[in-house]
**Student:** 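Sharing a structure with you now.
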There are 2 protein chains.
Amino acid sequence: MANIKEIARMAGVSVTTVSRVLNRHPYVSEDKRAAVLEAVRKLDYVQNLNAVHLIKGKTSMIAVVLPYVDNPYLSSPVEGILSEANQCGYRVVLCQTNYRPEEELNVLEMLRMKQVDGVIITSRTNDWDVIKPYLAYGPIVVCEDAGDEPLSCAYIDHYRSFETGLRYLTAQGHRHVACCMGRRGSNTSLVREHAVREALAAVQEPLRPEWMFYDALSMEAGVEVAHRLAGMNPRPTAVLAGTHQTAAGLVAEARKLGLRVPDDLAVIGFDNHMLGQLLDITAVEQSNKDVGRAAFQMLHRYIAEDRYEAEKQELPVRLVERSTV
Amino acid sequence: MANIKEIARMAGVSVTTVSRVLNRHPYVSEDKRAAVLEAVRKLDYVQNLNAVHLIKGKTSMIAVVLPYVDNPYLSSPVEGILSEANQCGYRVVLCQTNYRPEEELNVLEMLRMKQVDGVIITSRTNDWDVIKPYLAYGPIVVCEDAGDEPLSCAYIDHYRSFETGLRYLTAQGHRHVACCMGRRGSNTSLVREHAVREALAAVQEPLRPEWMFYDALSMEAGVEVAHRLAGMNPRPTAVLAGTHQTAAGLVAEARKLGLRVPDDLAVIGFDNHMLGQLLDITAVEQSNKDVGRAAFQMLHRYIAEDRYEAEKQELPVRLVERSTV
DNA sequence: CTGAAAGCGCTTACAG
DNA sequence: CTGAAAGCGCTTACAG
């Protein structure tokens with residue numbers, strides 16, 4: 001493959017001049033520019049981006065940490081990130097971690113090794129203290145409430161979200177409510193449990209551990225939860241399903257098992273996926289895609305301005321009444 | 001950030017030696033290795049990957065061309081690609097094209113500019129003739145039958161797939177069949193139309209253009225198709241929905257509109273998504289995830305062996321009987 | 001407007 | 001086992 005030197009020789013100019021026309025610098029005479037362009041054409045030349053990246057210290061790429069691609073709930077921020085990145089001329093390296101801490105670190109190492117200009121963590125398993133040091137190597141944005149940590153974040157307030165769902169249920173008279181959560185002990189789960197506990201306390205009900213289902217953010221999990229609920233006695237009268245996928249699996253399977261929704265079992269889903277509309281599932285609407293979009297915008301600004309500043313951006317949540325409560 | 005020279009100075013060795021220990025070359029005395037490692041630790045050093053990529057001429061990254069991330073049917077190959085790539089130590093740059101030809105070319109340019117070692121095209125809009133020249137810059141694998149083109153491919157035979165579905169329907173006595181397709185005029189659509197036409201001809205039925213629905217590979221599209229079918233007279237007795245998403249939208253919405261499935265309308269879905277199981281949709285099962293997996297394996301081999309050879313790998317298809325026919 | 005030269009940070013024959 | 005040196009392919013002050 002031709003390099004800049006060959007172009008320079010063929011065009012009868014210096015490599016400096018070649019570089020100038022390649023980078024659209026002003027101050028190049030028309031005839032030299034033409035000569036360079038002609039040589040570029042003849043030799044089918046393009047820049048070697050690795051050399052450009054090396055010398056510029058930037059790559060116009062970011063990395064995205066994602067636990068699993070095949071879970072629509074988890075991967076929805078990626079849609080927002082990708083569409084924003086596209087517009088800004090950024091490429092995104094999608095890194096699936098399967099929630100393995102070392103994998104997360106490997107991605108952060110990419111930042112340290114200058115392979116990417118920034119990182120968005122959609123969901124993490126490492127402690128803040130192991131993530132924070134990497135801020136020294138470049139900007140990082142997380143898609144969860146980072147509290148008082150000096151990390152920028154775009155997020156949905158899971159406390160508010162679950163509180164909204166639960167208060168709606170209690171207002172309808174439900175007292176025995178089950179919940180579908182993500183990983184047991186995850187930051188999000190802790191926050192959600194807190195919301196559930198308090199909203200139940202407001203109606204003098206305790207949180208019953210046996211009604212909390214973990215690792216239940218997929219359609220498959222919804223199906224399984226339906227079976228477990230069907231066999232319970234006493235049985236909760238309502239479920240706060242963690243995602244639309246869970247809710248869909250739950251509603252469809254519960255009906256197959258002979259439970260009437262909402263009469264025997266009320267169900268509330270989350271997010272704003274088409275699936276919820278299709279099955280007419282009452283839901284707390286919140287857009288993870290918008291979370292991703294906001295996260296990229298922040299990250300992009302940090303890269304462009306070359307300075308980082310911990311900010312927080314909370315995205316809205318609202319209850320949409322449909323037919324499953 | 002420290003560079004290799006500083007490490008060399010601090011450790012009292014040459015940069016050659018530093019490079020050796022960094023790259024785990026043999027023939028480095030224990031004490032020098034220790035000295036280097038110590039300096040690396042003290043200076044918090046890591047390699048600048050851009051320099052490594054430049055000099056090696058490889059990046060351990062591949063690019064994936066994808067029309068839309070938010071369409072589960074289209075994005076399913078990515079799951080397979082990502083999981084395989086992870087195991088081989090490759091990173092994947094996910095490039096959403098929205099079916100814009102220039103965007104596709106931009107991705108191929110990444111190959112030319114050495115930003116990635118190879119490209120997988122899950123779905124394309126450019127002609128073979130514009131894609132093929134890029135083979136000069138690195139390996140490319142496509143996720144569709146490339147026919148006699150000198151391009152490697154991993155794919156599902158859409159002719160066989162649609163034929164399987166349609167023959168099942170005609171065997172059950174259906175004569176009036178509608179179909180949900182992708183983009184009108186796309187390669188896949190042409191093949192599918194061909195299969196439909198022949199399978200119908202086998203029972204002396206013509207293909208009716210008004211029963212062919214295009215851009216119908218999403219749940220939303222399934223919902224819309226349900227409405228259009230509900231208003232038709234005469235109405236087809238069966239539909240070959242292009243994907244599980246389409247089938248799900250179609251089945252759920254048709255029922256809302258008072259159509260009985262399968263009595264008034266039989267539906268066959270495709271792929272092997274959980275959704276199909278959940279709604280108990282009869283389907284032609286085929287795994288796009290496996291397509292992605294196979295595509296990466298081929299690409300990886302070409303990169304590792306540094307030679308390209310056009311191969312074809314067809315993935316299996318089988319009909320799964322459920323309740324919607 | 002233009003070019004010689006230094007430099008980005010690494011790897012790798014080559015010679016010892 | 002080790003190092004000086006060339007080279008990967010570019011950009012960018014600097015001086016003219």
Side-chain angles (χ1 to χ4, degrees), chain A residues 1-37 39-40 43-61 109-117 137-138 306, chain B residues 1-37 39-40 43-61 109-117 137-138 306:
Chain A
M1 221 109 324
N3 60 24
I4 201 176
K5 228 154 137 187
E6 297 176 43
I7 301 295
R9 187 178 332 124
M10 176 175 255
V13 301
S14 71
V15 296
T16 309
T17 299
V18 175
S19 177
R20 285 203 184 97
V21 352
L22 258 30
N23 293 289
R24 293 172 178 67
H25 274 280
Y27 309 134
V28 182
S29 65
E30 243 343 292
D31 50 338
K32 299 220 173 191
R33 177 191 312 279
V36 168
L37 260 22
V40 163
L43 265 41
D44 187 34
Y45 171 82
V46 278
Q47 289 152 299
N48 179 318
L49 281 185
N50 293 127
V52 176
H53 292 165
L54 169 58
I55 206 154
K56 294 228 163 149
K58 292 269 176 250
T59 61
S60 294
M61 294 201 288
E109 286 292 319
M110 290 171 73
L111 183 61
R112 189 164 165 230
M113 299 176 96
K114 307 231 170 241
Q115 191 169 186
V116 294
D117 298 343
Y137 309 114
D306 198 21
Chain B
M1 223 113 315
N3 62 22
I4 202 176
K5 229 155 136 187
E6 296 176 43
I7 301 296
R9 187 176 334 122
M10 177 175 254
V13 300
S14 69
V15 296
T16 308
T17 299
V18 175
S19 177
R20 285 203 183 98
V21 351
L22 257 30
N23 294 289
R24 294 174 177 65
H25 274 280
Y27 308 135
V28 182
S29 64
E30 240 349 288
D31 50 339
K32 299 221 174 194
R33 177 191 311 281
V36 168
L37 260 22
V40 163
L43 264 42
D44 187 35
Y45 170 83
V46 278
Q47 290 154 297
N48 179 319
L49 282 185
N50 293 127
V52 175
H53 293 165
L54 168 58
I55 208 155
K56 293 227 164 148
K58 292 269 176 249
T59 62
S60 295
M61 295 201 286
E109 285 293 319
M110 289 171 73
L111 183 61
R112 190 164 164 231
M113 299 176 96
K114 306 232 172 240
Q115 191 168 188
V116 294
D117 298 344
Y137 310 115
D306 198 20

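Every chain is numbered from 1, with letters handed out A, B, ... down the list of sequences. As the structure is a computational prediction, the values presented were derived from the model and not from experiment.
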**Student:** Given atom CD of Glu6(A) and atom P of dC10(D), what is their separation to the nearest angstrom?
**Tutor:** 9 Å
**Student:** Check this one for me: any side-chain N or O of Thr16(A) less than 4.0 Å away from OP1 or OP2 of dG3(C)?
**Tutor:** no
**Student:** Of the non-hydrogen atoms in Ser29(A) and Lys32(A), which two are nearest, and what is the gap between them?
**Tutor:** OG-CG, 3.0 Å
**Student:** Kindly say if Tyr45(B) contacts the phosphate of dC10(C), meaning a side-chain N or O under 4.0 Å from OP1 or OP2.
**Tutor:** yes
**Student:** For the pair made of CZ in Arg20(A) and P in dC1(C), what is the distance, rounded to whole Å?
**Tutor:** 10 Å
**Student:** I want to confirm an ordering. Mapping Arg33(B) and Leu54(B) to their closest nucleotides on DNA chain D, which one lands closer to the 5' end?
**Tutor:** Arg33(B)
**Student:** Using whole Å, report how far CG of Asn50(B) lies from P of dG7(C).
**Tutor:** 20 Å
**Student:** Return no unless some side-chain N or O of Asn48(B) is found under 4.0 Å from OP1 or OP2 of dG9(C).
**Tutor:** no
**Student:** Without decimals, in angstroms, what is the distance between Gln115(B) CD and dC8(D) P?
**Tutor:** 21 Å
**Student:** Could you tell me the separation between the CD1 atom of Ile55(B) and the P atom of dC8(C), rounded to a whole number of Å?
**Tutor:** 15 Å
**Student:** So, is Thr17(B) close to the dT2(D) phosphate, meaning a side-chain N or O under 4.0 Å from OP1 or OP2?
**Tutor:** no
**Student:** Measuring from the side chain of Lys56(A) (C-beta onward, heavy atoms only), which nucleotide among dT12(D), dA4(C), dC10(D) has the closest atom?
**Tutor:** dT12(D)
**Student:** Watson-Crick or G-U wobble partner for dA15(D), using a 3.5 Å limit on both distances?
**Tutor:** dT2(C)
**Student:** Counting side-chain heavy atoms from C-beta on, which of dA4(C), dC10(D), dA5(D) comes nearest to Gln47(A)?
**Tutor:** dC10(D)
**Student:** Does the side chain of Lys32(B) get closer than 4.0 angstrom to OP1 or OP2 of dG3(D) through an N or O atom?
**Tutor:** yes
**Student:** When you measure from the side chain of Asn23(A) to the backbone of His25(A), do you find a donor-acceptor pair of N or O atoms at a distance under 3.5 Å?
**Tutor:** no
**Student:** Given side chains that start at C-beta, do those of Lys114(B) and His53(B) come closer than 4.5 Å, heavy atoms only?
**Tutor:** no
**Student:** Over how many whole Å does the gap from Ile4(A) atom CD1 to dT11(D) atom C1' extend?
**Tutor:** 8 Å
**Student:** Quick one: do Arg9(B) and Glu6(B) make a salt bridge, cutoff under 4.0 Å?
**Tutor:** no
**Student:** Measure the CG-CG distance between Asp117(B) and Asp306(B) for me, rounded to the nearest 0.5 Å.
**Tutor:** 10.0 Å
**Student:** Return the nearest nucleotide to the side chain of Val13(B); candidates are dT2(D), dT2(C), dG3(D).
**Tutor:** dG3(D)
**Student:** Of the nucleotides dC10(C), dT11(C), dC1(D), which has the atom closest to the Ser19(B) side chain?
**Tutor:** dT11(C)
**Student:** Rounded to whole angstroms, how far apart are CD1 on Ile7(A) and P on dG3(C)?
**Tutor:** 15 Å
**Student:** NZ of Lys5(B) versus C1' of dA5(D): gap in Å, rounded?
**Tutor:** 12 Å
**Student:** With side-chain contact (heavy atoms from CB on, under 4.5 Å) as the test, pick out the partner of Asn50(A) among Val52(B), Leu54(B), Ile55(B), Leu49(B).
**Tutor:** Leu54(B)
**Student:** Write down the distance separating the C1' atoms in dT12(C) and dG16(C), rounded off to the nearest Å.
**Tutor:** 16 Å
**Student:** Take Gly12(A) and Val18(B), find for each the nucleotide of DNA chain C with the closest heavy atom, and name the residue whose nucleotide sits nearer the 5' end.
**Tutor:** Gly12(A)
